[in-house]
Peer 1: 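Got a structure for you, questions after.
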Amino acid sequence: MALVPASGILLYNDEPVSEAIIVFTPVDEHAGFPGGSARTDMDGRFVLQAYPTHDGMVPAEYKVSAVKTEVIEIETTDPDADKSIARSFLPEKYISYKTSGLTATIGPEGNQDLVIELRN
């Protein structure tokens, strides 16, 4: 299937989200083509890839999820315990397309100005 350009910005409470993973999953689960994903840059911008070596997406309607974790150092007196934990920077509902409530459309000519907005 032909790929079209697909890029945009990820915002959380109107602020760009850097170093997040955004995933697009076809709304039609039997579509016969993959979704795509991207990592946001320092300005929250992303370029979607349907395949690891090719930028672009199959034109379709997608469900969207996003995740960003941060590692937090913790104090412990247990020498065998982990000294750090990962926690989600974004609200947990956005981790899965089933709970995010987010959708996006990639049209036949592509979409290079997608804005994915997350809220508390």
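From a predicted model like this one, the values you see are computed outputs, not experimental measurements.
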Peer 1: How long is the straight-line distance from CG of Leu118 back to CD of Glu15, given to the nearest 0.5 Å?
Peer 2: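 Taking CD in Glu15 and CG in Leu118, the distance rounds to 12.5 Å.
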Peer 1: Can you check whether Ala20's main-chain N or O pairs, donor with acceptor, with Thr40's side chain at less than 3.5 Å?
Peer 2: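 Yes.
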Peer 1: Is the shortest side-chain heavy-atom distance between Pro91 and Asn120 below 4.5 Å?
Peer 2: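 Sidechains of Asn120 and Pro91: in contact.
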Peer 1: Scan for salt bridge (charged side-chain N to carboxylate O under 4.0 Å, His left out) pairs involving residues 94-120, sequence neighbours excluded, and state none if there are none.
Peer 2: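 As it turns out, the salt bridge (charged side-chain N to carboxylate O under 4.0 Å, His left out) pairs with a partner in residues 94-120, which skip direct neighbours, are Asp14-Arg119, Glu117-Arg119.
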Peer 1: Quick check on Glu70: does its CD atom have over 12 non-hydrogen neighbours (other residues, nucleotides or ligands) under 6.0 Å away?
Peer 2: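 Check passes, neighbour count above 12.
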Peer 1: Taking all non-hydrogen atoms of both residues into account, name the closest pair between Pro59 and Gly107 and its distance.
Peer 2: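 Heavy atoms only, the tightest pair is CB-O, 3.5 Å.
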Peer 1: Please say yes or no: joined through hydrophobic side-chain contacts below 4.5 Å, possibly via intermediate residues, are Phe33 and Leu48 part of one cluster?
Peer 2: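 Both belong to a single hydrophobic cluster.
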Peer 1: Quick one: do Leu102 and Ile22 end up in the same hydrophobic cluster if we chain Ile, Leu, Val, Met, Phe, Trp and Tyr together by side-chain heavy atoms under 4.5 Å apart?
Peer 2: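 Leu102 clusters together with Ile22.
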Peer 1: Please state whether the rings of Phe46 and Phe24 are parallel, tilted or perpendicular, taking 30° and 60° as the class boundaries.
Peer 2: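 The arrangement is tilted - the two ring planes meet at 30° to 60°.
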Peer 1: Are the side chains of Met42 and Glu19 in touch, meaning some heavy atoms are under 4.5 Å apart?
Peer 2: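 Met42 reaches Glu19 side chain to side chain.
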Peer 1: Quick check for you: to the nearest 0.5 Å, what is the distance between Arg87 atom CZ and Lys68 atom NZ?
Peer 2: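 Output value for this atom pair is 11.0 Å.
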Peer 1: Given side chains that start at C-beta, do those of Val23 and Val64 come closer than 4.5 Å, heavy atoms only?
Peer 2: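 SC-SC contact between Val23 and Val64 ruled out.
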Peer 1: Under the side-chain contact (heavy atoms from CB on, under 4.5 Å) rule, what do Glu29 and Lys63 come out as? Steps first, then yes or no, please.
Peer 2: CA-CA 10 Å; Glu29 295 176 11; Lys63 298 176 267 190; 3.7 Å; yes
Peer 1: Give a yes or no on whether Leu90 and Ile21 share a hydrophobic cluster (residues Ile, Leu, Val, Met, Phe, Trp, Tyr; joining criterion: side-chain heavy atoms under 4.5 Å apart).
Peer 2: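 No: no chain of side-chain contacts under 4.5 Å links Leu90 to Ile21.
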Peer 1: Can you confirm whether Tyr62 sits close enough to Thr25 that some side-chain heavy atom of one is under 4.5 Å from a side-chain heavy atom of the other?
Peer 2: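 With C-beta onward as the side chain, the pair stays apart.
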Peer 1: What is the distance from atom CD of Gln49 to atom CZ of Arg39, rounded to the nearest 0.5 Å?
Peer 2: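 One finds 12.0 Å between CD of Gln49 and CZ of Arg39.
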Peer 1: Got Pro16 and Leu11 here, is their nearest side-chain heavy-atom distance under 4.5 Å?
Peer 2: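 Result yes, sub-4.5 Å side-chain heavy-atom pair found.
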Peer 1: Determine the minimum heavy-atom distance between Ile95 and Ser88, stating which atoms define it.
Peer 2: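 Scanning both residues completely, I find the closest heavy atoms to be CD1-OG, 4.2 Å.
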Peer 1: I want to check something: taking the side chain as every heavy atom from C-beta on, are Val4 and Ile106 in contact at a cut-off of under 4.5 Å?
Peer 2: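 Yes, at least one pair of side-chain atoms sits under 4.5 Å.
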Peer 1: Within the 4.5 Å heavy-atom criterion, are Leu3 and Val58 side-chain neighbours or not?
Peer 2: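 The answer is yes; the side chains approach within 4.5 Å.
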Peer 1: Looking only at side chains, do Thr105 and Glu61 share a donor and an acceptor under 3.5 Å apart?
Peer 2: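 Result is yes, a qualifying pair exists.
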Peer 1: Group every Ile, Leu, Val, Met, Phe, Trp and Tyr by side-chain heavy-atom contacts under 4.5 Å, then state whether Val17 and Leu114 land in the same group.
Peer 2: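 Yes.
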Peer 1: side-chain contact (heavy atoms from CB on, under 4.5 Å) for Ser7 and Gln112? Distances and angles first, verdict last.
Peer 2: CA-CA 4 Å; Ser7 60; Gln112 296 184 10; 3.5 Å; yes
